[in-house]
Amino acid sequence: GFGSTLQALAYGHCLLLSEEPLEILQMIALYQVDLLVANPSYLKKLVAVHREVPIPITSLKLIKYGGDTLPPEMVREVRARFCKDILCVYSSTETGPIAFGHIDHIIANPKSTGLLAPWVDVEIVDANDTPVAPGIEGRLKVRSKWQAYDLAAGKEAAESWMYPGDIGKVSEGGILSLIGRFATAIAVNGQFVAPEQIEAELISYPGIKDVAVVAMTRFDGQQDLCAAIVSDDILDEQAIKSFVASKNPLWKLVHIKKFDQIERNAMGKIKRHTTMEMLLA
């Protein structure tokens, strides 16, 4: 958003800002706005208001979003109400834009953020900070020609590598896909495993209503994958373990336990420390 603001001002364009969705829709119609920059959460608010007050929106040529995924059902409604061209922009505070992807590509390639920008260097590294081959998941490492740095650190700091905090992979063609967050990643045999990926697969398993995957640290320092599951059915633990392992050999669940619910915070995110304590009880 900040980058788009500077770009607009540099080219002499008018900038319109508001926290109120209705005001945004009114300004778009009144001033014939051609670019809208918003995160998925705010786009959802705009859609909700537009359902109640269907102001004609005909001037928008592009919508740029980032910060989270845009669900397919929301994509359809945003396109129908506002603009058919939607651009995903993956950025970090320090480096600025890292990858760009048109919404058609994003829908066809879930978890993808698009093609890497030509001004960034990207590496995917394992738990030992060693670069991995294309297509292999690991910690995202970025260096940009335009990245911000502390002036006191000296000019060489501008060429240092940054860690945006995501787990991802890069294809041979330079397409960046995000798998999960480094803060919740689990190191298994020197590679990072994103619990969000395993949860996405398990939620499709018959009878499972909700699930949380966490790591238990053994006495030797290694980590075991464990799952807390919500289900009304009697589950076959070995069948679930085999199902998960068939998706990825690294995904070896050691312990599975049923619960009435998965503890989540106000944002709907899993309370992983609480889940870990529940599994240990």
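These numbers come from the heavy atoms of this one structure, side chains and all, not from hydrogens, waters or symmetry mates. All values reported here derive from a predicted model rather than from experimental measurement.
- Pairing each heavy atom of Gly207 with each of Ser231, the nearest pair is O-OG, 2.5 Å.
- Remark: Ile63 CD1 to Phe82 CZ distance equals 7.0 Å, nearest 0.5 Å.
- Of all the heavy atoms in Pro134 and Ser171, the pair that sits closest is CB-C, 4.2 Å.
- Counting only heavy atoms from C-beta outward, the side chains of Asn248 and Ile198 never approach each other to under 4.5 Å.
- By the 4.5 Å heavy-atom criterion applied to side chains, Val89 and Phe100 are counted as neighbours.
- When the shell of 6.0 Å around CD of Gln32 is examined, it contains more than 12 heavy atoms from other residues, nucleotides or ligands.
- Within 6.0 Å of the CD atom in Glu19, the count of heavy atoms belonging to other residues, nucleotides or ligands does not exceed 12.
- Atoms CG and SG, from Leu279 and Cys226 in turn, are 6.0 Å apart once rounded to the nearest 0.5 Å.
- Residues Met162 and Ser92 have side chains not in contact (no heavy-atom distance under 4.5 Å, counting atoms from C-beta outward).
- No donor-acceptor pair closer than 3.5 Å links the side chain of Asn128 to the backbone N or O of Thr130.
- The line from OG1 of Thr58 to CG of Asp34 is 11.5 Å long, rounded to the nearest 0.5 Å.
- Side-chain contact between Arg51 and Glu77 is present, with heavy atoms from C-beta onward closer than 4.5 Å.
- Under the 3.5 Å distance criterion, with hydrogens and angles disregarded, a donor-acceptor pair is assigned to the side chains of Gln261 and Glu263.
- No more than 12 heavy atoms of other residues, nucleotides or ligands lie within 6.0 Å of NZ in Lys84, so this atom counts as exposed by the packing criterion.
- Counting only distance, with no hydrogens or angles, the side chain of Lys252 and the backbone of Leu225 share no donor-acceptor pair below 3.5 Å.
- Residues Val193 and Gln223 have side chains not in contact (no heavy-atom distance under 4.5 Å, counting atoms from C-beta outward).
- The number of heavy-atom neighbours closer than 6.0 Å to NZ of Lys241, taken from other residues, nucleotides and ligands shown, is above 12.
- Going from atom CD1 of Ile208 over to atom CG of Asp232 covers 12.0 Å, rounded to the nearest 0.5 Å.
- Listed for the Trp119 side chain is a donor-acceptor partner under 3.5 Å among the backbone atoms of Pro97.
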One pair to check against side chain to side chain contact (heavy atoms under 4.5 Å, CB included): Glu137 and Gln197. What are the steps and the verdict?
CA-CA 11 Å; Glu137 298 162 9; Gln197 269 191 302; 3.0 Å; yes
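- Atom CG of Leu6 has more than 12 heavy atoms from other residues, nucleotides or ligands within 6.0 Å.
- With hydrogens and angles ignored, the 3.5 Å screen pairs no side-chain donor or acceptor of Asp233 with any backbone N or O of Leu235.
- Taking a cutoff of 4.0 Å between a charged side-chain nitrogen and a carboxylate oxygen, Glu196 and Arg181 do not qualify as a salt bridge.
- Distance check: Tyr31 OH to Gln26 CD gives 10.5 Å after rounding to the nearest 0.5 Å.
- Formation of a donor-acceptor pair under 3.5 Å by the Asp236 side chain with backbone atoms of Ala239 is found in this model.
- For Arg139 and Phe182, the positive end sits near the middle of the six-membered ring, less than 6.0 Å away and at most 45° from its axis.
- Annotation for Tyr42 and Pro21: closest pair OH-N, 3.2 Å, computed over non-hydrogen atoms.
- Residues Pro195 and Val213 approach most closely at CB-O, 3.4 Å, considering heavy atoms.
- The shortest side-chain heavy-atom distance between Val49 and Lys45 does not fall under the 4.5 Å cut-off.
- Closest of all the heavy-atom pairs between Leu17 and Met27 is O-CE, 3.8 Å.
- Atom CD of Glu201 is separated from atom CH2 of Trp251 by 5.0 Å, given to the nearest 0.5 angstrom.
- Taking the side chain as every heavy atom from C-beta outward, His50 and Ile57 approach each other to under 4.5 Å.
- Using a 4.5 Å cut-off on side-chain heavy atoms (C-beta onward), Asp85 and Lys61 make no contact.
- Looking only at distances, a side-chain donor or acceptor of Ser59 sits under 3.5 Å from a matching main-chain atom of Val33.
- Side-chain atoms of Arg143 never come within 3.5 Å of backbone atoms of Trp161 as a donor-acceptor pair (strictly under, hydrogens ignored).
- Counting all heavy atoms, side chain and backbone alike, Ser177 lies closest to Ser112 at OG-CA, 3.7 Å.
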For a side chain to side chain contact (heavy atoms under 4.5 Å, CB included) check, start with the C-alpha distance between Asp210 and Arg264, then their side-chain angles and the critical distance, and finish with the verdict.
CA-CA 11 Å; Asp210 200 4; Arg264 297 176 181 272; 2.6 Å; yes
